[in-house]
Amino acid sequence: MDKFMNKDAGLYVLFRKELADHFRSKRFTIVLMLIAVTCLASIYSAGMGIREAVSKEGNEFVFLRLFTSSGGSLPSFASFISFLGPLVGLALGFDSINGQRNRGTLSRLLSQPIHRDTVINGKFLAGLAVLSIMIITLGLSIGGFGIILTGIPPTLEELGRMLIFIFITIVYMALWLAVSQLFSLLFKQTATSALAGIAIWLFFVVFINLFAGLIADGIFPVTDQAGAVEILRNQRLRQGINRLSPTLLYDEAVVTILNPGVRTLGLVLLDQIEGAIPGVLPLGQSILLIWPHIVGMIAATALCFAIGYVYFMKQEVRA
């Protein structure tokens, strides 16, 4: 019992130390200001456009439109988070282990009466706490700012959808935090781990769609003589490969949860929509629709953290 109590005490001390380091770092201040300014500008632009359209389109789900509508030349808030979220997660963890190793402080830290797994657990939990505080504060601030702009308070369902959106965003950014921490263990130089994280991010954002098209066209080529079955198989394979990207999973989950009018994801045939009654999905049905996306992102986060955990426990750390 004393062993577990000492371990928990060591984890709490290290967690507080890492949390304080994050909040005092200039990197965190720069990232927070970048996200806050761009997202608030996007919300202000979208809010002004929604404010003018309320009288024409009605006030149904106006609060949710603050997160998905784009005003003028600025993308929506959800688009900003989809693009900047991975960079925030990568920035918080790319030097979490190899930075201390290069400074020579990791060996001194492990020489203290704390368990080795406490180090990696404390660093990940501290980064996760920073991401959670950042997203929750920013989401609630934007919600209040949107109420002031539109003058329409959210309904209970809209509030629930916003909270689920915040949870999905935290999971999405935690995945990239786990990836950056893994690269911090695999590479000795912080620059190498940062570049590796950016390369993975670029691949899943830009290049995976190109590879998906090449693979799908190679296995199920679509020609002038191709029938509906071949085209359907090509598109399903292309979509399945694209869904290996956490960015696409996040985008589909966010669109579904913030837009109750989205009733399905993926391909929809004409015979499937024939006779369908237009309407919106209740919150429970929207959650069921995106549940595989959430589970996939959580599983990927756990896998990256588990690989880094095992590697760190077996790694030799010298002074």
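Treat the numbers as computed from the prediction; the structure is a model and nothing was measured. Note that these values count all heavy atoms, side chains included, but never hydrogens, waters or copies made by symmetry.
Between Asp95 and Arg101 there is no salt bridge, since no side-chain nitrogen of the basic residue lies less than 4.0 Å from a carboxylate oxygen of the acidic one.
Remark: Ile166 CD1 to Ser132 OG distance equals 10.5 Å, nearest 0.5 Å. Here the straight-line distance linking atom CG of Leu32 with atom NE2 of His22 works out to 13.5 Å at 0.5 Å rounding. To the nearest 0.5 Å, atom CG of residue Leu237 and atom CD1 of residue Ile215 are 7.5 Å apart. To the nearest 0.5 Å, atoms OH (Tyr309) and CD1 (Ile120) are separated by 8.0 Å. Interatomic distance, OG1 of Thr169 versus CE of Met297, reported as 8.5 Å (0.5 Å rounding). Note that CG of Leu283 and CG of Leu288 are 9.5 Å apart. Values are rounded to the nearest 0.5 Å.
The closest donor-acceptor contact from the side chain of Ser184 to the backbone of Ile97 lies under 3.5 Å. Arg161 contributes a side-chain N or O that, together with a main-chain N or O of Ile257, makes up a donor-acceptor pair within less than 3.5 Å.
Here the side chains of Leu125 and Glu18 are not in contact, with every heavy-atom distance at 4.5 Å or above. Between Met134 and Phe28, the closest side-chain pair of non-hydrogen atoms falls below 4.5 Å. You'll find the side chain of Ser286 reaches within 4.5 Å of the side chain of Leu281, heavy atoms only. In this structure, Val205 and Ser245 have side chains that are not in contact, with every pair of non-hydrogen atoms separated by 4.5 Å or more. Taking the side chain as every heavy atom from C-beta outward, Asn98 and Gln189 never approach each other to under 4.5 Å. Residues Tyr311 and Leu182 form no side-chain contact, since every pair of their non-hydrogen atoms from C-beta on lies 4.5 Å or further apart. Between Glu252 and Ile290 there is no side-chain heavy-atom pair separated by less than 4.5 Å. A 4.5 Å side-chain heavy-atom check between Leu14 and Asn121 finds every atom pair outside the cut-off.
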Checklist entry - Yes or no on side chain to side chain contact (heavy atoms under 4.5 Å, CB included) for His293 and Thr256, after CA distance, side-chain angles and deciding distance? => result CA-CA 11 Å; His293 298 66; Thr256 303; over 6 Å; no
Item to check | Test side chain to side chain contact (heavy atoms under 4.5 Å, CB included) applied to Leu177 and Phe305, step by step | outcome: CA-CA 9 Å; Leu177 174 65; Phe305 178 78; over 6 Å; no
Next on the checklist: Could you go through Thr301 and Val179, starting from their C-alpha distance and side-chain angles, then the distance that decides it, and tell me whether this counts as side chain to side chain contact (heavy atoms under 4.5 Å, CB included)?
Outcome noted: CA-CA 8 Å; Thr301 305; Val179 170; over 6 Å; no
Next on the checklist: Under the criterion side chain to side chain contact (heavy atoms under 4.5 Å, CB included), I'd like the reasoning laid out for Val255 against Thr68: C-alpha separation, chi angles, the key distance, then a yes or no.
Outcome noted: CA-CA 8 Å; Val255 168; Thr68 57; over 6 Å; no
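Of all heavy-atom pairs spanning Asn242 and Ala212, the tightest one is OD1-CB, 3.5 Å. Contact between Arg238 and Gly213 at its shortest, heavy atoms only, is NH1-CA, 3.2 Å. Across every non-hydrogen atom of Ala78 and Val254, the tightest pair is CB-CG1, 3.7 Å. When all heavy atoms of Leu128 and Ala174 are compared, the closest pair comes out as CD1-CB, 3.6 Å. Considering all non-hydrogen atoms of both residues, Asn234 and Ala216 come closest at ND2-O, 3.1 Å. Among all heavy-atom pairs drawn from Phe183 and Ser193, the shortest one is O-CB, 3.5 Å.
By the neighbour-count criterion of 12 heavy atoms within 6.0 Å, atom CZ of Arg16 is sparsely surrounded, having that number or fewer from other residues, nucleotides or ligands. Within a 6.0 Å sphere centred on CG of Leu210, other residues, nucleotides and ligands contribute more than 12 heavy atoms.
One hydrophobic cluster, built from ILVMFWY side chains closer than 4.5 Å, holds both Leu138 and Leu159. In the hydrophobic clustering of this structure, Ile200 groups with Ile307; members are Ile, Leu, Val, Met, Phe, Trp, Tyr whose side-chain heavy atoms approach within less than 4.5 Å, directly or through other members.
Residues forming a side-chain hydrogen bond (donor to acceptor under 3.5 Å, both in side chains) with Gln285 (at least two apart in sequence, or on another chain): none. Qualifying side-chain contact (heavy atoms from CB on, under 4.5 Å) partners for Ile133, counting only residues two or more places apart in sequence or in other chains: Phe23, Thr137.
Side-chain contact check for Tyr172 and Thr247: at least one donor-acceptor pair (N or O, by modelled atom type) lies under 3.5 Å.
Residue Lys17 is tested with Val13, Leu19, Asp21 for a side chain to side chain contact (heavy atoms under 4.5 Å, CB included); the sole match is Asp21.
Ring centroids of Phe203 and Phe211 are separated by less than 6.0 Å, placing the two rings close together.
Taking the six-membered ring where tryptophan is involved, the planes of Tyr250 and Phe165 are tilted, since the angle between them lies from 30° to 60°.
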Extract all donor-acceptor atom pairs below 3.5 Å that involve side chains of residues 81-94 and protein atoms in other chains or at least two apart in sequence.
residue, atom, partner, partner atom, Å
Ser82, OG, Asp251, OD1, 2.7

